[in-house]
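Note on naming: letters A, B, ... go to the chains in the order of the sequence lines (proteins, then strands), and numbering restarts at 1 for each one. As the structure is a prediction and not an experimental result, all values here were calculated from the model.
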Amino acid sequence: MKIRSIKGFHDILPEDIGRWHHIEEHAKRSCELYGYSEIRIPVLEFTEVFARSIGAATDIVEKEMYTFADRDGSSLTLRPEGTAGVVRSYVENSMYTKSPQIKLYYTGMMFRHERPQKGRYRGFYQIGAEIFGSEAPESDAELIAMISGFFDGIGLSKSVTLELSSLGDGECRPAYKTMLMDYFIGHKDELCEDCQRRLDTNPLRILDCKQKGCIEISKNAPKMLDNLCDDCTQHFTRVKESLDSIGIPYEINPKIVRGLDYYTRTVFEFTTDQLGAQNAVAAGGRYDGLVKELGGPETPAVGFAMGIERIVLLHKEVIPEGFEKKTDIYIAYLGEEARDAAFKLAYEIRSSGARVEADYGGKSLKSQMKRADKSGARYTVIIGEEELKSGIVKLRDMEESSEHEVGMEELKKLASELKS
RNA sequence: GUGCGCGUAGCUCAGCUUGGUUAGAGCACUGGGUUGUGGCCCCAGAGGCCGCCGGUUCAAGUCCGGUCGCGCACCCCA
């Protein structure tokens with residue numbers, strides 16, 4: 001069999017890496033700006049970490065995890081998302097004793113055994129952040145503001161929409177769920193096959209069904225937002241007011257449903273209509289019960305994660321050009337003696353900080369010039385026999401198509417100006 | 001897991017309907033046109049188990065079956 005990558009896994013090639021760096025650096029800067037510290041956690045955890053936090057009955061846990069036995073028989077799983085591991089680390093390292101509020105961000109690869117399609121991979125990168133120890137609605141709004149600022153910073157603010165809702169808490173959600181079940185059971189025969197199944201697995205999901213019949217029935221279904229308890233209503237109101245006060249636009253979407261069981265109260269998604277079926281580029285919410293569930297003290301928390309591949313895809317659609325990594329100076333030479341000089345010169349100029357490229361293949365000058373052009377170099381230095389003798393080289397400006405002779409000092413000065 | 005579509009040069013694709021010489025194009029690559037000068041142009045070259053296995057046929061890139069791979073959508077999700 002021909003050697004190849006695993007289905008759903010992909011390489012990020014050099015032609016795309018400039019864009020990846022741009023996006024990742026912006027994301028990290030946004031997190032740092034808001035006071036988050038990076039945490040690095042393992043890609044592999046005991047299966048229980050995910051089963052207990054994400055929810056044993058969710059699709060992720062039931063059929064999408066890469067789970068296998070370690071040599072001693074214990075069940076291990078490649079992380080399908082980041083929050084569970086961060087919470088595990090928060091609890092295991094007793095971070096709650098260090099400060100009443102801890103803000104963390106992480107980045108890395110996640111693994112879900114799904115059928116791949118546009119914007120969906122089995123191995124994919126996420127950047128996420130979590131705030132532990134704050135119940136305040138301002139924390140929810142602050143987290144959202146950070147994400148919003150990030151999208152703004154990479155030029156995507158016009159391409160994404162913030163959708164917002166509340167799922168209630170341990171007090172009002174169970175009552176609502178019962179109310180919803182009662183309503184749908186009354187209309188069971190009118191629901192599509194999938195939704196009849198959802199009655200048992202995840203009745204909230206029926207609200208999001210795309211079948212016409214189900215949409216009709218859902219219209220008259222009780223809404224979570226109408227049935228929040230007083231505390232949750234107040235919390236949700238304050239989140240909205242906080243966002244209003246700093247001018248961040250949002251749409252209320254009561255249909256937002258989470259695939260993970262741990263969410264409470266605020267849930268949100270940043271969506272786009274430019275990526276086909278995978279419209280969510282970032283999503284998150286509050287999860288006040290999770291820290292306790294994983295053995296820590298009762299600790300409110302709110303967090304989010306974004307899918308980098310999806311953001312890269314969207315970014316490419318919106319801003320197609322301009323993220324290639326370019327060479328500053330290309331060094332061309334003629335003859336064996338000049339070859340030594342070229343090698344040394346490249347070394348010296350690089351120490352001034354410019355990106356320098358040369359290839360020592362002994363090709364014709366024409367061929368080297370072509371390569372210089374392809375590399376995107378702004379300048380090409382030409383060293384030949386004459387230049388060897390004089391110690392002065394030709395500097396060609398590739399944009400202006402002009403050239404003049406320069407000495408070493410001038411060349412180094414230019415290089416340090418090009419330094420990026 | 002389900003449905004639909006697609007596998008021909010490194011990439012994008014034509015050829016398949018109606019089987020018949022050495023399987024084509026554009027881009028990319030190499031060399032030359034210019035003995036030391038890129039882009040545009042011109043010339044030349046290199047590059048193909050036509051995904052794989054089997055069947056039909058005198059003859060299969062082309063028709064049929066299977067298989068593997070890829071894509072999109074459903075489910076679900078970042």
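For A:Glu403 and B:U37, a side-chain-to-base donor-acceptor distance below 3.5 Å is present, hydrogens and geometry of angles not being considered. For A:Ser401 and B:G39, a side-chain-to-base donor-acceptor distance below 3.5 Å is present, hydrogens and geometry of angles not being considered. Side-chain N/O atoms of A:Glu387 and base N/O atoms of B:G36 include a donor-acceptor pair closer than 3.5 Å.
The same atom, C1', is picked in B:A59 and in B:C13; the two are 27 Å apart, to the nearest Å. Taking atom C1' on both nucleotides, B:G48 is separated from B:C11 by 14 Å, rounded to a whole Å. Taking atom P on both B:G69 and B:G51, the two are 16 Å apart, rounded to the nearest angstrom. Remark: the separation of the C1' atoms in B:G26 and B:G47 is 15 Å, to the nearest Å. Spacing of P atoms, B:C70 relative to B:U62, comes out at 23 Å, to the nearest Å. B:U56 sits 49 Å from B:C42 when the C1' atoms are compared, rounded to a whole Å. To the nearest whole angstrom, the two P atoms, one in B:G31 and one in B:A73, are 43 Å apart. For the P atoms, the distance from B:G61 to B:C50 is 8 Å, rounded to whole Å.
When both pairing distances are held under 3.5 Å, B:C72 makes a Watson-Crick or G-U pair with B:G3. The partner of B:A44, taking Watson-Crick or G-U wobble pairs whose two distances both stay under 3.5 Å, is B:U30. Under the Watson-Crick or G-U wobble criterion, with both distances below 3.5 Å, B:U18 is left unpaired in every strand shown. B:U35 is unpaired under the criterion used here, namely a Watson-Crick or G-U wobble arrangement in which both key atom distances are under 3.5 Å. In this structure B:A23 sits in no base pair that meets the Watson-Crick or G-U test at under 3.5 Å.
Going from atom NZ of A:Lys118 over to atom P of B:C4 covers 23 Å, rounded to whole Å. Residue A:Lys363 contributes atom NZ, which lies 9 Å from atom C1' of B:G31 at whole-angstrom precision. Rounded to an integer number of Å, the gap from A:Met369 CE to B:C40 P is 14 Å. Atoms OH (A:Tyr330) and C1' (B:G39) sit 15 Å apart, rounded to a whole Å. Rounded to whole angstrom, the span from the CG atom of A:Leu365 across to the P atom of B:U35 amounts to 11 Å. Between A:Glu15 atom CD and B:C27 atom P the separation is 20 Å, expressed in whole Å. Rounded to an integer number of Å, the gap from CD of A:Gln274 to P of B:C72 is 17 Å. Between the P atom of B:A73 and the CD atom of A:Glu114 lies a distance of 13 Å, rounded to the nearest Å.
Ranking B:G32, B:C76, B:U2 by closeness to the A:Arg115 side chain, first place goes to B:U2. Comparing B:U37, B:G36, B:A78 by their nearest atom to the side chain of A:Arg396 picks out B:U37. Among B:C74, B:C72, B:G32, the nucleotide with an atom closest to any side-chain atom of A:Arg120 is B:C74. With B:G36, B:G32, B:G38 as the choices, the nucleotide that has an atom nearest any side-chain atom of A:Asp373 turns out to be B:G38.
Each of A:Gln117 and A:Gln278 has a nearest nucleotide on RNA chain B; the 5'-most of these lies closest to A:Gln117. Positionally, the nearest nucleotide of RNA chain B for A:Lys394 lies more toward the 5' end than for the other of A:Lys394 and A:Phe270.
Between A:Asp340 and A:Lys344, none of the side-chain N atoms (NZ, or NE/NH1/NH2) sits under 4.0 Å from a carboxylate O, so this pair counts as no salt bridge. Ionic pairing of A:Glu45 and A:Arg79 is not present here: no N-O contact between side-chain nitrogen and carboxylate oxygen is shorter than 4.0 angstrom.
Within 4.0 Å (heavy atoms only), A:Gly276 reaches sugar-phosphate atoms of the nucleic acid but no base atom. A:Tyr121 comes within 4.0 angstrom of a base, heavy atoms only. Residue contacts shown for A:Glu64 are limited to sugar-phosphate atoms, with no base heavy atom under 4.0 Å away. Residue A:Glu385 is in base contact, counting any heavy-atom pair closer than 4.0 Å across all strands shown. As judged by a 4.0 angstrom heavy-atom cut-off over every strand, A:Ile382 is placed among the base-contacting residues. Among the atoms of the strands shown, none is found under 4.0 Å from any heavy atom of A:Ala372. A:Glu81 comes within 4.0 angstrom of no nucleic acid atom, judged by non-hydrogen atoms across all strands.
Ring pair A:Phe151/A:Phe270 is tilted by interplanar angle, where 30° to 60° counts as tilted. In this structure, A:Tyr183 and A:His187 have tilted ring planes: the angle between them lies in the 30° to 60° band. Ring orientation note: the planes of A:His10 and A:Trp20 are tilted relative to one another, at an angle of 30° to 60°. In this pair, A:Phe323 and A:His22 present their aromatic rings tilted. The plane angle is within the 30 to 60° band.
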Give the intermediate values and the outcome of salt bridge (charged side-chain N to carboxylate O under 4.0 Å, His left out) for residues A:Glu135 and A:Arg265.
-> CA-CA 10 Å; A:Glu135 198 179 8; A:Arg265 291 190 170 171; 3.8 Å; yes
Walk me through it: do A:Asp16 and A:Lys316 pass the test salt bridge (charged side-chain N to carboxylate O under 4.0 Å, His left out)?
-> CA-CA 9 Å; A:Asp16 287 323; A:Lys316 221 174 193 171; 2.9 Å; yes
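Residue A:Lys370 has no polar side-chain atom (N or O) positioned under 4.0 Å from OP1 or OP2 of B:U37. The phosphate of B:U30 (OP1 or OP2) has a side-chain N or O of A:Arg371 nearer than 4.0 angstrom. For A:Lys366, no side-chain nitrogen or oxygen approaches OP1 or OP2 of B:G32 to under 4.0 Å. For A:Arg4, a side-chain nitrogen or oxygen approaches OP1 or OP2 of B:G69 to under 4.0 Å. For A:Lys374, a side-chain nitrogen or oxygen approaches OP1 or OP2 of B:C29 to under 4.0 Å.
For A:Ser352 and A:Ser416, the side-chain atoms include no donor-acceptor pair closer than 3.5 Å.
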